[in-house]
Amino acid sequence: MNLSHLETATADSLAPVLLAALHRLGRLGREGAVALARLAGDDDADFDEAAEWIADIARGGLCR
C-alpha cells in the first residue's frame, strides 16, 4: 500500500498492512517501540484509541 492512500484506505485494506508492521516492530523489540514512541504524540487521541483497540485484540477481548 502506498502511504499516500492511508487517508482513504478501508479497514479491510489497512488491517493487513498494520498487522505486518506490528509483527515487524515486535521482532525489533525495544528498538521498534522507541521508534514508534518518537512518532506518537502524548496528546494524540487517534493513536490512543487505536492502541486501546489493539490491546483489546491482544487480550482476546474483541470478537472476530
Side-chain angles (χ1 to χ4, degrees):
M1 170 180 286
N2 190 325
L3 288 179
S4 65
H5 298 141
L6 284 178
E7 286 297 319
T8 59
T10 65
D12 285 333
S13 66
L14 189 56
V17 176
L18 177 59
L19 182 60
L22 289 171
H23 280 177
R24 181 63 184 138
L25 283 172
R27 285 191 297 274
L28 291 170
R30 180 172 171 75
E31 178 185 357
V34 169
L36 181 57
R38 280 194 303 264
L39 299 175
D42 288 339
D43 58 350
D44 187 338
D46 290 333
F47 178 84
D48 292 343
E49 182 171 353
E52 288 177 24
W53 283 112
I54 290 170
D56 195 28
I57 292 165
R59 287 188 300 270
L62 187 66
C63 297
R64 295 177 189 188

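Starting from 1, each residue takes its place in the sequence as its number.
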Report task. Verify the cluster assignment for Leu6 and Val17: are they in a single hydrophobic cluster under the rule of side-chain heavy atoms below 4.5 Å apart? Result ->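 Linked within one cluster.
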
Show me the side-chain donor-acceptor pairs of residues 46-59 shorter than 3.5 Å, one per line, residues at least two apart or across chains.
residue, atom, partner, partner atom, Å
Glu49, OE2, Trp53, NE1, 3.4

Query raised in the report: Between CG of Leu14 and CD of Glu7, what distance do you get to the nearest 0.5 Å?
Result: 10.0 Å

Requested in this report: Kindly give the heavy-atom pair with the smallest separation between Pro16 and Ser13, and that separation in Å.
Outcome: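 Distance-wise, the nearest heavy atoms are CD-O, 3.6 Å.
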
**Report entry** Donor + acceptor pair across side chains of Asn2, Ser4 (<3.5 Å)
**Finding:** yes

Please list, one pair per line, the donor and acceptor atoms closer than 3.5 Å that link side chains of residues 22-43 to other protein atoms, with sequence neighbours excluded.
none

